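Contents: one structure, followed by commentary.
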Amino acid sequence: MERNLTQIALFAALIAALGLIPKFSLASGVPISAQSLGIMLCGTVLGAKRGTLAVLLFLGLVALGLPLLAGGRGGLGVFSGVTVGYLAGFVAGAFVTGLLAQMWRGRGGWILPSVAALVGGVVVMNILGIIGMAWKLDKTLAEATVLALPFVPGDLLKCVLAGLITQALQKARPGLLQA
Ligand SMILES: O=C(O)CCCC[C@@H]1SC[C@@H]2NC(=O)N[C@@H]21
């Protein structure tokens, strides 16, 4: 129990730390951000339940006003901005990544954790992000999808990184990863 809480807090802190890497702002207002790597790792390393709780803790701190989002943003206002779909995607993405990672735990080296991150941290997260952009920017889903295309190369790289980091942690600290 205590160990779980520590790990949840640690991964919430990891997402926050990735927010210190400068974001690259695009015309849509949704930045290229390293924080989605943290979301993927929450799922691949902690699994669905603990990973989702870590993301909820992170977003709870953001809602309280802590400037933990990339570029030093925080407060309730961010939940009504153009990235609201992505913020919902942070939660759903960690959950789906975690479910798949748990199902495939210990198999496939770095590839299966990467595929889990691809499905949860790229497909699910971007679907919600695109819906949010379409809503907030008054665009069609097709137009919003075009706006999300610049994220794809970086997001694919993050999937590979998430798989490699997860495999390394599996070897170094097997107790951290849930079956
Ligand atoms: O800071 C925020 O308010 C959320 C930013 C979300 C950015 C999304 S995460 C998935 C996709 N990949 C990126 O690099 N940026 C977007």
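Both counts, for ligands and for their atoms, begin at 1 and track the order of listing. The figures that follow rest on heavy atoms only: side chains count, while hydrogens, waters and symmetry mates do not. What you see is a predicted model; the values in this text were computed from it and never measured.
Qualifying ring-ring contact (aromatic ring centres under 6.0 Å, His included) partners for Phe11, counting only residues two or more places apart in sequence or in other chains: none.
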Run through all N or O atoms in ligand 1 and write down each protein N or O closer than 3.5 Å, as a pair with its distance.
unit_1, atom_1, unit_2, atom_2, d
ligand 1, 1 (O), Arg73, NH2, 2.3
ligand 1, 3 (O), Arg73, NH1, 3.3
ligand 1, 3 (O), Arg73, NH2, 3.0
ligand 1, 3 (O), Thr83, OG1, 2.7
ligand 1, 12 (N), Asp155, OD1, 2.9
ligand 1, 12 (N), Asp155, OD2, 3.2
ligand 1, 14 (O), Ser33, N, 2.9
ligand 1, 14 (O), Ser33, O, 3.4
ligand 1, 14 (O), Lys158, NZ, 3.0
ligand 1, 15 (N), Pro31, O, 2.8

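The two residues Thr97 and Gly121 come nearest to each other via the heavy atoms OG1-N, 3.3 Å. Of all heavy-atom pairs spanning Thr166 and Arg105, the tightest one is CG2-NH1, 4.3 Å. Across Ala148 and Tyr86, no two heavy atoms sit closer than the pair CB-OH, 3.7 Å. Contact record, Leu18 with Gly38: CD1-N, 3.3 Å, taken as the closest heavy-atom pair.
In this structure, Gln102 contributes its side chain and Ala48 its backbone to a donor-acceptor pair below 3.5 Å.
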